[in-house]
Enquirer: 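Got a structure for you, written out below as structure tokens; questions coming shortly.
FYI, side chains are in, hydrogens and waters are out, and symmetry mates aren't considered; it's all heavy atoms of this structure. For ligands, and for the atoms within them, numbers begin at 1 and follow the listed sequence.
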Amino acid sequence: MQTTFPTVTVLDIPFVKTTADELLKVLKQRIVDQQNTFVVTANPEIAMYAHDHPDYRDLIHTADFITPDGVGILDGAKILKQPLPERITGFDTLEALLNWASDNHRSAYFVGAKPVVIAQLKRVLDVQFPGLVIAGMHDGYFEDDAEIIADIADKQPDMVFAALGFPKQERFINAHRHTTKGLWMGVGGSFDVLAGAVVRAPEFWQKHHLEWLYRTVKEPKRLKRIAVIPHYLHLVRRQAKQSR
Ligand code: UDP
């Protein structure tokens with residue numbers, strides 16, 4: 001991973017040790033400089049999946065920046081006595097980049113989510129980010145990506161956001177990132193949130209590091225996601241002992 005930041009390795013994943021603001025500055029500069037960039041925002045679930053799937057771990061190691069998305073990663077870094085300053089979520093990074101793009105007439109391409117969500121997303125983007133150039137949009141339920149990639153290569157957007165869930169979105173980005181000179185980032189369920197199909201936790205829950213609880217209560221099928229946390233913390237503690 002080539003990065004301008006120091007990193008903290010939690011379960012074999014090197015997370016950037018920086019703030020959201022500092023990272024954003026670097027991402028914007030790389031876009032202006034037309035430097036190809038792959039951003040992964042990883043939570044404990046992704047860390048565990050990478051732990052169990054070495055091919056996925058190797059793939060995300062090729063990212064230019066891996067950010068701590070989720071309090072579990074901050075907790076892990078604390079256990080290792082190498083604290084990270086703050087969460088850098090996919091959603092917040094996406095929103096910040098879209099605001100910047102809107103102010104600077106930069107372009108973005110959106111791949112992912114259900115067709116109805118992507119149609120609603122277009123309406124929301126037009127209102128919320130009027131200066132943004134929407135290079136293209138495609139839902140995330142396609143058989144063959146050749147046509148989408150040909151379109152992305154043709155449009156050469158400054159940014160490509162893939163909301164396909166992991167590991168699909170990172171595999172998609174890894175396979176195609178070199179078709180543009182811009183930024184590529186996997187953003188999970190962010191299109192659903194932006195489009196208003198899913199409501200993000202109110203600030204109180206976010207501030208108290210309880211966003212996961214709020215989302216689980218709203219969507220009980222997420223329970224199996226947080227079920228990985230105890231095993232994850234066990235593995236991090238083992239890593240801490242080994243490094244002592
Ligand atoms: N998705 C998609 N294609 C697929 C599977 C999922 O576009 O083949 C979308 C799905 O509609 C949702 C997002 O990927 O918008 C994944 O959201 P999820 O809540 O699973 O991800 P998280 O935010 O937890 O990473």
Enquirer: State plainly whether the residues Asp192 and Lys114 are in salt-bridge range, i.e. N to O under 4.0 Å.
Expert: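 No, Asp192 and Lys114 are not salt-bridged.
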Enquirer: Identify, for atom 11 (O) of ligand 1, the protein heavy atom at the shortest distance, and state residue, atom and that distance.
Expert: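 Here the closest protein heavy atom is Tyr141 OH, 2.8 Å.
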Enquirer: Below 4.0 angstrom from a heavy atom of Lys168, which ligand 1 atoms are there? Numbered from 1 as shown, please.
Expert: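 So the answer, numbered in order with elements, is 4 (C), 8 (O).
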Enquirer: Is the shortest N/O to N/O distance between Gly189 and ligand 1 below 3.5 Å?
Expert: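 Such a contact does occur with ligand 1.
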Enquirer: Which residue holds the protein heavy atom closest to atom 7 (O) of ligand 1, what is that atom called, and what is the gap in Å?
Expert: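 For atom 7 (O) of ligand 1, the nearest protein heavy atom comes out as Ala113 N, 2.9 Å.
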Enquirer: Parallel, tilted or perpendicular: which fits the ring planes of His53 and Tyr49, with parallel below 30° and perpendicular above 60°?
Expert: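 Ring orientation, 0 to 90° scale: parallel.
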Enquirer: Can you tell me the protein heavy atom closest to atom 25 (O) of ligand 1 and the distance?
Expert: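 So the nearest neighbour among protein heavy atoms is Gly188 CA, 3.5 Å.
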Enquirer: Which heavy-atom pair separates Ile73 from Pro44 by the least distance, and what is that distance?
Expert: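 Looks like CD1-N, 3.7 Å.
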Enquirer: May I ask you to list the atoms of ligand 1 that are less than 4.0 angstrom from any heavy atom of Asp192?
Expert: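 Once the distances to Asp192 are compared, the set is 12 (C), 15 (O).
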Enquirer: Tell me whether Glu95 contacts the main-chain N or O of Phe91 through its side chain, where contact means a donor paired with an acceptor under 3.5 Å.
Expert: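 It does not hold such a pair.
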Enquirer: Measure the distance from atom 19 (O) of ligand 1 to every protein heavy atom, then report the residue, atom name and distance (to 0.1 Å) of the closest one.
Expert: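 Going by distance alone, atom 19 (O) of ligand 1 is nearest to Arg222 NH1, 3.7 Å.
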Enquirer: For atom CH2 of Trp212, decide whether the heavy atoms of other residues, nucleotides or ligands shown that lie under 6.0 angstrom number more than 12.
Expert: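 At most 12 heavy atoms, drawn from other residues, nucleotides or ligands, come within 6.0 Å of this atom.
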Enquirer: Of the protein's non-hydrogen atoms, which lies at the shortest distance from atom 9 (C) of ligand 1, and what is that distance?
Expert: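 Answer, as residue, atom name and distance: Ala163 O, 3.4 Å.
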Enquirer: Considering residues, nucleotides and ligands other than Lys155, do more than 12 of their heavy atoms fall under 6.0 Å from its NZ?
Expert: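 Yes, enclosed.
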Enquirer: I'd like to know whether ligand 1 has Phe166 as a neighbour, heavy-atom separation below 4.0 Å.
Expert: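 No heavy atom of Phe166 comes that close to ligand 1.
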Enquirer: Got a donor-acceptor contact below 3.5 angstrom from the Arg237 side chain to the Ile79 backbone?
Expert: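 Side chain of Arg237 to backbone of Ile79: no pair is present.
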Enquirer: Which of the numbered atoms in ligand 1 are below 4.0 angstrom from a heavy atom of Gly112?
Expert: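 Within the 4.0 Å cut-off of Gly112, ligand 1 contributes 7 (O).
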Enquirer: With heavy atoms only and a cut-off of under 4.0 Å, state how Ser190 meets ligand 1: side chain, backbone, both or neither.
Expert: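 Neither part.
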Enquirer: Among protein heavy atoms, which lies nearest atom 20 (O) of ligand 1, and at what distance?
Expert: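 Going by distance alone, atom 20 (O) of ligand 1 is nearest to Arg225 NH2, 3.1 Å.
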Enquirer: Could you tell me the residue and atom name of the protein heavy atom closest to atom 3 (N) of ligand 1, and the distance to it rounded to 0.1 Å?
Expert: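 Sorting protein heavy atoms by distance from atom 3 (N) of ligand 1 puts Gly140 O, 2.8 Å first.
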Enquirer: Can you name the nearest heavy-atom pair linking Thr41 to Met185, along with the distance?
Expert: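 Smallest heavy-atom distance, with atoms named: CG2-SD, 4.4 Å.
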Enquirer: Testing the basics here: between Val127 and Pro130, what is the closest heavy-atom pair and its distance to 0.1 Å?
Expert: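 Looking at all heavy atoms of both residues, the shortest contact is O-CD, 3.6 Å.
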